[in-house]
Number of protein chains: 2
Amino acid sequence: MATKETAQRIIDAALQLISEKGYTAATTKAIADLAQVNEVTIFRHFGNKEGLLKTIVDKFSYNPILQKTMREEVTWDLETDLTRFSMQYFEYMMSIKDFVMIGFKESMQFPEINAEIANVPLLFKNELIHYFKEMHHKGKIREVNFEAAALSLIALNFGHFISRARLGTIVSTLPTEELIKTSVAIFSRGLTS
Amino acid sequence: MATKETAQRIIDAALQLISEKGYTAATTKAIADLAQVNEVTIFRHFGNKEGLLKTIVDKFSYNPILQKTMREEVTWDLETDLTRFSMQYFEYMMSIKDFVMIGFKESMQFPEINAEIANVPLLFKNELIHYFKEMHHKGKIREVNFEAAALSLIALNFGHFISRARLGTIVSTLPTEELIKTSVAIFSRGLTS
DNA sequence: CTCCTATGCAAGTAGTTACTTACATGCTAC
DNA sequence: GTAGCATGTAAGTAACTACTTGCATAGGAG
C-alpha cells in the first residue's frame, strides 16, 4: 500500500467528517475508521489533528482556475458572459463545497481558513469590476457603481450556491441552471441602458 | 436572583459560544463561566446539554414578523417596495444572526434547526411571488418566472447578509445600505418591461 | 535474501467531558 | 421566623479524547 493512497484516504475522510460535524466533533478515531486506517497512522502522517486540518487547508488554497476561465472566450455580450461567469462560479464552489462548509464552521477557531475563502469573492469581484468597466467603455452597460454591481452578482450566485448546498430542494425544486439563467437575465437587463 | 434572569443568562452565553465554536466545542463549563453561573445550574434548568440547545431553538422558532411587515405600507412602486423588503430582511437576519450561524454549523447533527431556518426563505418566497403576480397584474413588471425571480432576490439578499455577517469588510467596505439600494435598483430595472 | 518503510495491533496515559449526588447558604413569601 | 426555592460548593464518575509507545508484520527495492 503506497503512502500516497493512505494519506489521501485520511484526508478524504477528514474532509467529509469535519465538514459534516465540525472539527471538534470529528474525532480522530472516527476519521481513522472511515478511512479504514488505524488511528495511529493519522498521527504518523500528520503529527497531530491540527496538522491534518492544515494539510487540508493547504490543498485547497486558492488556485486561479476561476479567474483563468473567466478571461477566456469573452463574447462582450452581457447576458452570455455573465451567465458563463455564474455557471463557472457555481461549479467551482460546488467542487470545493466541503471545504467551504469547514470554513463556515471553523472560521472562529482557525481564522486562516476564513482568509482563504474570502479570496474567492475578492478575486471574482476584481475580475467583474474590470469586465463591467470595459463594457461601459464599449457603451454596452449604463453608468452604475461597478463595485456594488459586482458584489451584487457575487451575492446572487453565492446565495444560489448556499441554498442548493445547504437546503437542497427544501426551498425550491427549480433546476439550478434555469434559476441562474433567469436571475442573470434579470440582472443583465437591469444593467443595460 | 430570579430564575428568569439566570436561565436567560445561560441561554445568552450558550447562544454566543455555540454560534462561535459549534455545539461540541462549546462546553457546559465554558457556558457556565460566561453566564457567571455554576455548571450544575445549567443541568438543573435544562436537564442536559441538548435540552439547552432545544430551548434556544424553540425561542427562535419563526415568528411571522417579516411576513407581517412586508404586507404593510406596500406602495406598488417596484423599487421602493423591494428596497423596503430587502432592508427588512437584512435587519431581521442580523437580529437572529447567532441562531443562523448555529444552524449552519449543526444542521447535520440537529436537522430540526435546518428546517426552522429554511422556513424564512420559504415564507419570504411566497410573499414575493404573491407580490410579483400582483405587480404583473397591474402591468408594472414584465412576464418572467416569478418563482425564479423571487428566489433570485432572496439569494441576493442572503448573499449580502452572509458576506457582512461572516466576512465583514474583507471583501468590500461599501456601506450595506448603499449596496442593497444599488442591487435592488438593478434588479428592479431588470424586471420592468 | 535482506533491509527498510508503511502499517497494524495492543496497551496505556493524562486530560477533558457531560452529568450526578450530597450538603450548605441565602433570599423571599407567608 | 420559618419553610421553600434557587443557587453555590465540593467531590466524584464513567466515558471519551488526542496522543504515545513498543512490537509484530508484510511488501517492495536493492
Identify whether NZ of Lys or CZ of Arg in B:Lys97 sits under 6.0 Å from the centre of the six-membered ring of B:Tyr92 and within 45° of that ring's axis.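 Verdict for B:Tyr92: no cation-pi partner in B:Lys97.
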
Check whether NZ of the Lys or CZ of the Arg B:Lys105 lies under 6.0 Å from the centre of the six-membered ring of B:Tyr23 and within 45 degrees of that ring's axis.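 The answer is no; the distance or angle limit is not met.
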
Distance, rounded to the nearest Å, where [X] contributes [atom1] and [N] contributes [atom2]:
X: B:Ile18; N: C:dA18; atom1: CD1; atom2: P; answer: 10 Å
X: A:Ile42; N: C:dA6; atom1: CD1; atom2: C1'; answer: 15 Å
X: B:Gln8; N: D:dA6; atom1: CD; atom2: C1'; answer: 17 Å
X: A:Glu5; N: C:dT7; atom1: CD; atom2: C1'; answer: 13 Å

Does any part of the side chain of B:Thr28, heavy atoms only, come nearer than 4.5 Å to the side chain of B:Leu52, both counted from C-beta? no

Does a side-chain heavy-atom distance below 4.5 Å link A:Thr176 with A:His160?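 A:Thr176 does not reach A:His160 side chain to side chain.
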
Tell me, please, which residues at least two apart from A:Arg166 pass side chain to side chain contact (heavy atoms under 4.5 Å, CB included).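 Per chain and number, A:Arg166 pairs via side chain to side chain contact (heavy atoms under 4.5 Å, CB included) with A:Met101, A:Ile162, B:Phe104, B:Ser107, B:Asn114.
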
What residues form a side-chain hydrogen bond (donor to acceptor under 3.5 Å, both in side chains) with B:Ser172, not counting sequence neighbours?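 Applying side-chain hydrogen bond (donor to acceptor under 3.5 Å, both in side chains) to B:Ser172 gives A:Glu147.
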
Between B:His45 and D:dA6, does any side-chain N or O lie under 4.0 Å from OP1 or OP2? no

I want to check one thing: is the phosphate of D:dT7, taken as OP1 and OP2, less than 4.0 Å away from some side-chain N or O of B:Thr6?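 Yes.
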
Provide a list of protein-nucleic acid N or O atom pairs under 3.5 angstrom, restricted to nucleotides 18-20 of chain D.
from	atom 1	to	atom 2	distance (Å)
D:dA18	OP1	A:Lys49	NZ	2.9
D:dA18	OP2	A:Thr28	N	3.1
D:dA18	OP2	A:Thr28	OG1	2.9
D:dC19	OP2	A:Lys49	N	2.7

As a test of reading the structure: which of C:dG8, D:dT9, C:dT7 is closest to the side chain of A:Asn38, going by heavy atoms? C:dG8

